[in-house]
Amino acid sequence: MPLTITRRGVAAGVLVLVIAAVCVRLGFWQLDRLEQRRADNATLTRTLSRPVQSLDSVAARKLAADPESFLNRRVTISGSYIPGAEILLRGRARNGRPGVHLVAPFHIQSTDAAILVNRGWLPAPDAASADPRPYAATGQLEISGIVKPIEAHDEEPVPAELDVNGTKVSTFQRLDTRLLQSRSPHRLLPVVFQQLTDPEPTAPPYPVEIPELDEGPHLGYAFQWFSFAVIAVVGFLVMVLRRGSQGS
């Protein structure tokens, strides 16, 4: 007995095709994101493999003029931390433990510039407050790390002033060089320096780890979307054939 075509059946078929098309489109979107992730990883790998750059007065001027060209570069800087200008980035976890990141402006030797240095993670049970004074680093120093971008936002972050062991400590959710410029007598460069130490210290601050260059979940998500498309089409065909056999 031939299959009977009804308006309801046609509408259901069109709906299934639309759903399948959307799932296929989402699958290819995930594949595009996977290729972009691979391209970004390759670029980052090449950048990290470049020779270590000394951030002297000439390089500091270049960084100020073209920060993009320094992103993810391994650099060393010489100079000193600006005393009493530390801030905390609240809500930072490490190995499942709550804490904060300790950030301090660092005056680059023989320049009029300073750079924000993320010195690393400190434990904080409330993920907001910690006393930075025991971790103060004084004198002339040479530190190594990676230049990272400071993400731009339309709204300025609102600092929270906390009293920690009798001293006022400013905590932020994120960095903003415009807002933090008032804490530095020197011109702040528009990037953050993520300090790295080798070997890793046995006491805080612990350096922020460099994210692993994996491909993320995009391939698995693409497979899921393609599977949903196949399930929708095959399921509809099975239903149609079953009804046809029941009708005969």
Side-chain angles (χ1 to χ4, degrees), residues 43-44 46-89 92 100-122 130-153 156-157 159 167 169-201 203-211:
T43 300
L44 182 57
R46 288 194 300 270
T47 302
L48 291 174
S49 64
R50 295 173 64 183
V52 178
Q53 168 80 54
S54 176
L55 198 60
D56 54 17
S57 58
V58 175
R61 286 195 296 270
K62 291 181 179 179
L63 191 155
D66 184 16
E68 291 288 333
S69 64
F70 280 80
L71 295 185
N72 298 310
R73 284 290 306 271
R74 292 184 181 272
V75 300
T76 60
I77 53 177
S78 297
S80 58
Y81 286 104
I82 298 171
E86 301 90 351
I87 67 165
L88 304 178
L89 294 179
R92 272 37 176 196
V100 295
H101 284 177
L102 175 61
V103 177
F106 186 93
H107 175 222
I108 302 173
Q109 183 178 324
S110 302
T111 74
D112 65 346
I115 189 169
L116 294 172
V117 176
N118 187 332
R119 297 186 56 202
W121 180 88
L122 302 178
D131 190 348
R133 290 175 297 179
Y135 310 101
T138 59
Q140 291 294 309
L141 303 168
E142 181 178 273
I143 57 178
S144 301
I146 296 177
V147 176
K148 304 296 289 185
I150 296 178
E151 296 182 3
H153 295 270
E156 289 187 351
T167 187
V169 179
S170 297
T171 71
F172 293 77
Q173 186 63 39
R174 55 180 175 79
L175 293 175
D176 188 305
T177 50
R178 296 170 299 175
L179 187 61
L180 295 173
Q181 179 62 70
S182 61
R183 296 172 179 267
S184 170
H186 309 283
R187 173 177 51 90
L188 278 181
L189 296 175
V191 293
V192 61
F193 183 85
Q194 184 174 310
Q195 185 175 3
L196 299 177
T197 55
D198 187 21
E200 184 174 302
Y206 297 106
V208 179
E209 297 179 354
I210 301 175

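All values below come from the heavy atoms of this structure, side chains included, with hydrogens, waters and symmetry mates left out. Since the structure is predicted, the reported quantities are computational estimates derived from the model, not experimental observations.
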key: Residue from D131, V100, V103 passing side chain to side chain contact (heavy atoms under 4.5 Å, CB included) with L88   = V100
task = Report yes if the side chains of L180 and P105 come closer than 4.5 Å at any heavy-atom pair, otherwise no.
result = no
request  = Could you tell me which non-hydrogen atom of L188 sits nearest to which non-hydrogen atom of I115, and how far apart they are?
outcome  = CD2-N, 4.3 Å
message = Looking at every heavy atom in both G139 and S80, which two are closest together, and how far apart are they?
response = O-CB, 3.4 Å
ask   = When rounded to the nearest 0.5 angstrom, what is the spacing between CG in D56 and CD in Q109?
value = 10.5 Å
query = Is there a side-chain contact (heavy atoms from CB on, under 4.5 Å) between I143 and V117 once you walk through the steps?
reply = CA-CA 10 Å; I143 57 178; V117 176; 4.0 Å; yes
key: Which atom of T111 lies closest to which atom of I108, heavy atoms considered   = OG1-O, 2.7 Å
inquiry  = Using a 3.5 Å distance criterion without hydrogens, assess whether the side chain of R73 forms a donor-acceptor pair with backbone atoms of P51.
reply    = yes
request  = Please report the C-alpha distance between T76 and L55 in whole Å, then the side-chain angles of each, then the deciding distance to 0.1 Å, and finally whether the side-chain contact (heavy atoms from CB on, under 4.5 Å) criterion is met.
outcome  = CA-CA 6 Å; T76 60; L55 198 60; over 6 Å; no
task = Could you list all the salt bridge (charged side-chain N to carboxylate O under 4.0 Å, His left out) pairs where at least one residue sits in residues 100-122, not counting sequence neighbours?
result = D112-R187
task = Assess whether side-chain contact (heavy atoms from CB on, under 4.5 Å) is satisfied between Y135 and L122, documenting all intermediate values.
result = CA-CA 9 Å; Y135 310 101; L122 302 178; 3.8 Å; yes
inquiry  = How close do A64 and L189 get, counting heavy atoms only, and between which atoms?
reply    = CB-CD2, 3.8 Å
query = In terms of ring plane angle, is the pair H186 and H107 parallel, tilted or perpendicular, where the classes change at 30° and 60°?
reply = parallel
message = Could you go through F70 and K62, starting from their C-alpha distance and side-chain angles, then the distance that decides it, and tell me whether this counts as side-chain contact (heavy atoms from CB on, under 4.5 Å)?
response = CA-CA 9 Å; F70 280 80; K62 291 181 179 179; 3.9 Å; yes
task = Taking all heavy atoms of P207 and all of T197, pick out the closest pair and write down the distance.
result = CG-OG1, 3.6 Å
request  = Please identify each residue that fulfils ring-ring contact (aromatic ring centres under 6.0 Å, His included) with Y206, with sequence neighbours left out.
outcome  = none
ask   = What distance separates L196 CG from E209 CD, expressed to the nearest 0.5 Å?
value = 10.5 Å
note = For Q53 and A59 the tightest heavy-atom approach is NE2-CB, 3.8 Å
message = Rounded at 0.5 Å granularity, tell me how far NZ in K148 sits from CG in L175.
response = 13.0 Å
message = If you count every heavy atom of other residues, nucleotides or ligands that lies below 6.0 Å from E68 atom CD, does the total exceed 12?
response = no
key: Test side-chain hydrogen bond (donor to acceptor under 3.5 Å, both in side chains) applied to N118 and Q194, H101, Q195, the passing residue   = H101
message = Working to the nearest 0.5 angstrom, can you tell me the gap between N72 CG and R46 CZ?
response = 12.0 Å
request  = Return yes when atom CD of E142 has more than 12 non-hydrogen atoms of other residues, nucleotides or ligands closer than 6.0 Å, and no otherwise.
outcome  = yes
inquiry  = Please report the interatomic distance CD1(I146) to CG(L71), rounded to the nearest 0.5 Å.
reply    = 11.5 Å
query = Just how far is it from atom CZ of F193 to atom CG of L116, taken to the nearest 0.5 Å?
reply = 12.0 Å
